[in-house]
Amino acid sequence: IKLFEAINWELTEQRHSGSNPDYGIPTPTLVSPPKGQKNGGNTKIGGIAPSNLEIALLKQYPFDSAVQRMTVVAKKKGAQYYTVFVKGAPEKVASFCRPETIPAEFSNLLQYYTKQGFRVIGASAKSLKHGMKWSEVDELTRSQLEEGSDFLGLIIMQNLLKKETYGAIAELHGADIVTLMVTGDNIQTAISVARDCELVKPDQTIIRVVADDSIVGQQLSVTYSLPESETASIIQDTSQMQNMTSENYVFACDGKTFNSIRTKDPELFKRIVHRGKVFARMLPEQKIELIECLKGLGRQVIMCGDGCNDCGALKTAHAGISLSMAEASVAAPFTSRNVNISCVPYVIREGRATMVSAFASFKFGVAFCFTQLISVLMVFYIGTEPSDNQYLVVDIGLAAIPILLIGNTAPHDILAKRKPTRHLLSFLPMFSVVSFLFFQTIAYIFIWFYVRAQDWFVEYQFVQDLYPPNTSYEQTNIFLYACAASVIGAIIFSKGTPYRKPLYSNVIMGVWA
């Protein structure tokens with residue numbers, strides 16, 4: 001779209017207008033230079049086209065990640081032949097072009113531009129036989145249309161990194177969160193971008209893994225190379241691998257290698273996924289397989305994507321974030337209004353705060369119920385019970401409000417390294433509740449005996465059918481401490497740092513406490 005907008009051409013869609021007399025067939029899409037402009041095209045980019053030029057796009061094969069290209073059958077107004085245009089991955093486009101049309105320096109130029117992080121698209125064209133009828137053209141298969149094309153050249157595009165990317169990745173790395181890239185682009189472009197945004201740290205060496213399973217009956221052949229060296233040398237000396245510690249190297253591979261290793265060598269596949277940082281030329285189903293493998297290794301996976309090719313991966317990940325309002329937003333549970341990954345640390349902080357708040361509410365609820373149970377049992381022991389007003393204060397003022405407001409505390413501004421406890425019934429959450437109840441029970445017993453030891457203490461006398469009942473010093477003091485225990489429990493279990501802001505930032509909860 002950006003390229004088309006840059007040349008200022010006009011696009012007209014007329015999908016239900018019937019047969020076009022200029023072509024003798026329906027023309028769903030027409031493109032032409034801007035009307036009323038001398039020399040037609042945009043001279044700023046060197047394009048000169050006659051003002052009466054018009055091209056009809058008659059048949060389209062939309063871009064498919066499985067074949068890595070898009071094909072269009074077109075016809076110029078007044079021409080006696082149809083033309084096939086193809087664009088896509090350069091190596092894929094070159095594979096069906098006539099060899100004599102491919103420059104000798106094709107591979108070197110492709111590597112030169114991709115190593116600098118440019119996005120490179122190959123383009124080719126093919127003129128069909130003069131006089132062919134549209135019915136004959138329409139019956140040709142896609143491979144028949146594309147085979148024998150003339151290679152036109154490479155389209156070089158620079159997709160600059162967004163400034164928010166650097167800060168987001170640095171924050172994730174500061175919290176010991178592993179980041180990796182899964183893309184459909186050329187592997188050299190992916191490696192260059194990974195370096196530029198420091199997804200791969202400066203002190204880490206990138207090792208490219210290439211697997212060859214083309215020879216039937218033989219074992220999988222795997223080679224390791226250093227793609228960032230001038231010669232992209234293959235690692236043959238094992239001492240080079242031994243010199244690398246467990247932290248200073250990462251793997252990069254493309255979709256073909258990914259698929260070969262996954263099917264032929266599962267153990268190596270797990271190592272590649274564990275240490276992998278760059279996965280290029282990946283098909284949508286391969287992205288799903290990568291995420292499933294990461295989940296199988298015990299990882300919690302967040303996937304960011306902005307295209308329809310990412311929909312499956314966005315649904316498979318524990319949390320999917322769509323960076324566009326198009327197809328991906330339908331599949332992803334989260335959609336970012338900002339088209340960058342700065343939302344990822346925020347989603348993690350918000351998720352951690354939500355989980356910690358849910359655990360805190362549960363622990364407070366359990367602790368509150370048992371502390372009230374202890375107080376009621378002690379009151380029943382002396383033959384009395386709490387009044388209706390006391391039950392109302394306890395149930396509404398002391399129980400409902402904290403459970404509702406504990407989760408009102410916002411997430412902390414800093415993404416912590418330490419991961420929160422994921423299991424509610426693990427040792428630490430249960431120990432905190434049990435220890436709290438233990439100390440509260442001791443406090444109840446102390447208050448019981450302390451009140452009975454005072455000079456002004458009068459033993460409670462139970463009188464049947466007497467209302468209101470006789471006053472009870474034990475019941476009054478136990479009720480007052482039960483209220484205090486509820487507030488103490490709410491404060492203790494409403495822990496702030498490192499996942500949430502301090503309790504005083506939760507204004508309503510702070511006022512209640």
Side-chain angles (χ1 to χ4, degrees), residues 3 46-47 55 57-76 79-132 136-157 184-192 208 210-216 218 221 223 225 227 229-234 253-260 280-283:
L3 291 176
I55 300 174
L57 308 182
L58 305 173
K59 189 175 184 179
Q60 296 187 39
Y61 293 92
F63 178 82
D64 186 353
S65 56
V67 296
Q68 299 177 352
R69 64 185 183 274
M70 174 183 179
T71 304
V72 174
V73 180
K75 185 179 183 180
K76 187 166 63 174
Q80 301 301 313
Y81 58 90
Y82 297 91
T83 307
V84 180
F85 296 98
V86 185
K87 74 174 181 69
E91 59 271 21
K92 184 65 68 173
V93 172
S95 66
F96 50 75
C97 289
R98 293 188 299 126
E100 58 269 24
T101 65
I102 302 175
E105 64 275 13
F106 169 80
S107 298
N108 292 334
L109 279 175
L110 178 60
Q111 188 175 27
Y112 171 77
Y113 285 114
T114 53
K115 274 191 172 183
Q116 297 181 67
F118 293 110
R119 296 190 65 181
V120 184
I121 297 176
S124 68
K126 176 184 178 181
S127 298
L128 301 180
K129 292 180 181 180
H130 285 245
M132 285 188 70
E136 297 174 331
V137 175
D138 195 32
E139 290 177 356
L140 296 175
T141 63
R142 183 173 187 174
S143 59
Q144 290 174 326
L145 291 170
E146 297 170 341
E147 195 63 36
S149 299
D150 295 335
F151 186 77
L152 297 179
L154 299 174
I155 303 171
I156 313 299
M157 296 183 292
D185 288 337
N186 182 281
I187 190 168
Q188 292 289 356
T189 301
I191 290 173
S192 176
R208 181 178 178 181
V210 179
D212 182 13
D213 61 350
S214 58
I215 303 178
V216 180
Q218 291 191 8
S221 174
T223 58
S225 62
S229 65
E230 293 185 2
T231 58
S233 57
I234 295 176
C253 71
D254 57 22
K256 181 181 177 182
T257 295
F258 178 90
N259 192 58
S260 298
R281 289 283 187 246
M282 296 284 280
L283 300 176

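Model, not experiment: these values are computed from the prediction.
- Scored by the side-chain hydrogen bond (donor to acceptor under 3.5 Å, both in side chains) test, S143 finds T141 as partners (sequence neighbours excluded).
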| task | Could you give me the CA-CA distance, side-chain angles and deciding distance for I191 and T189, then say whether side chain to side chain contact (heavy atoms under 4.5 Å, CB included) is met? | result | CA-CA 5 Å; I191 290 173; T189 301; over 6 Å; no

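- The salt bridge (Lys or Arg N to Asp or Glu O under 4.0 Å) analysis of residues 117-132, with sequence neighbours excluded, yields the pairs R119-D185.
- Residues forming a side chain to side chain contact (heavy atoms under 4.5 Å, CB included) with V137 (at least two apart in sequence, or on another chain): V73, Y82, L128, M132, W134, L145.
- Counting only residues at least two apart or in different chains, side-chain hydrogen bond (donor to acceptor under 3.5 Å, both in side chains) contacts with residues 84-95 comprise E91-R281.
- Looking at heavy atoms from C-beta onward, N186 lies out of side-chain contact with V120 at the 4.5 angstrom threshold.
- Using modelled atom types, one side-chain atom of S192 and one backbone atom of K115 make a donor-acceptor pair closer than 3.5 Å.
- Under the salt bridge (Lys or Arg N to Asp or Glu O under 4.0 Å) criterion, E105 pairs with no residue, sequence neighbours left out.
- Contacts of Y81 classified as side-chain hydrogen bond (donor to acceptor under 3.5 Å, both in side chains), with partners at least two apart in sequence or in another chain: none.
- Between the side chain of T257 and the backbone N or O of C253, no donor-acceptor pair lies under 3.5 Å.
- Taking each heavy atom of A123 and I155 in turn, the nearest pair found is CB-CD1, 4.4 Å.
- For D150, the salt bridge (Lys or Arg N to Asp or Glu O under 4.0 Å) partners at least two apart in sequence or on another chain are R98.
- Across all their heavy atoms, A280 and I187 have their closest contact at CB-CA, 3.4 Å.
- Listed by chain and number, the residues in a side-chain hydrogen bond (donor to acceptor under 3.5 Å, both in side chains) with S260 are D213 (sequence neighbours excluded).
- Shortest non-hydrogen contact noted between V93 and G122 is CG2-O, 3.8 Å.
- When the side-chain hydrogen bond (donor to acceptor under 3.5 Å, both in side chains) test is applied to Q116, the partners found at least two apart in sequence or on another chain are Y112.
- Nearest heavy atoms, V72 versus M70: CG2-CE, 4.0 Å.
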| query | What do the steps show when you test K75 against L58 for side chain to side chain contact (heavy atoms under 4.5 Å, CB included), and what is the final call? | reply | CA-CA 7 Å; K75 185 179 183 180; L58 305 173; 4.0 Å; yes

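- Atom CD of Q80 has 12 or fewer heavy atoms from other residues, nucleotides or ligands within 6.0 Å.
- Of all the heavy atoms in Q68 and F63, the pair that sits closest is C-CE1, 3.5 Å.
- Residues satisfying the salt bridge (Lys or Arg N to Asp or Glu O under 4.0 Å) test with R142, not counting sequence neighbours, are E146.
- Annotation for K256: atom NZ does not count as buried by contact number, only 12 or fewer foreign heavy atoms lying within 6.0 Å.
- Heavy-atom minimum distance, T101 versus S149: OG1-O, 4.0 Å.
- In this structure F85 satisfies the ring-ring contact (aromatic ring centres under 6.0 Å, His included) test with no other residue, sequence neighbours excluded.
- Electrostatic pairing of R208 and D254 counts as a salt bridge here, judged by a charged N lying under 4.0 Å from a carboxylate O.
- In this view, F151 and F106 satisfy the ring-ring contact (aromatic ring centres under 6.0 Å, His included) rule, not counting sequence neighbours.
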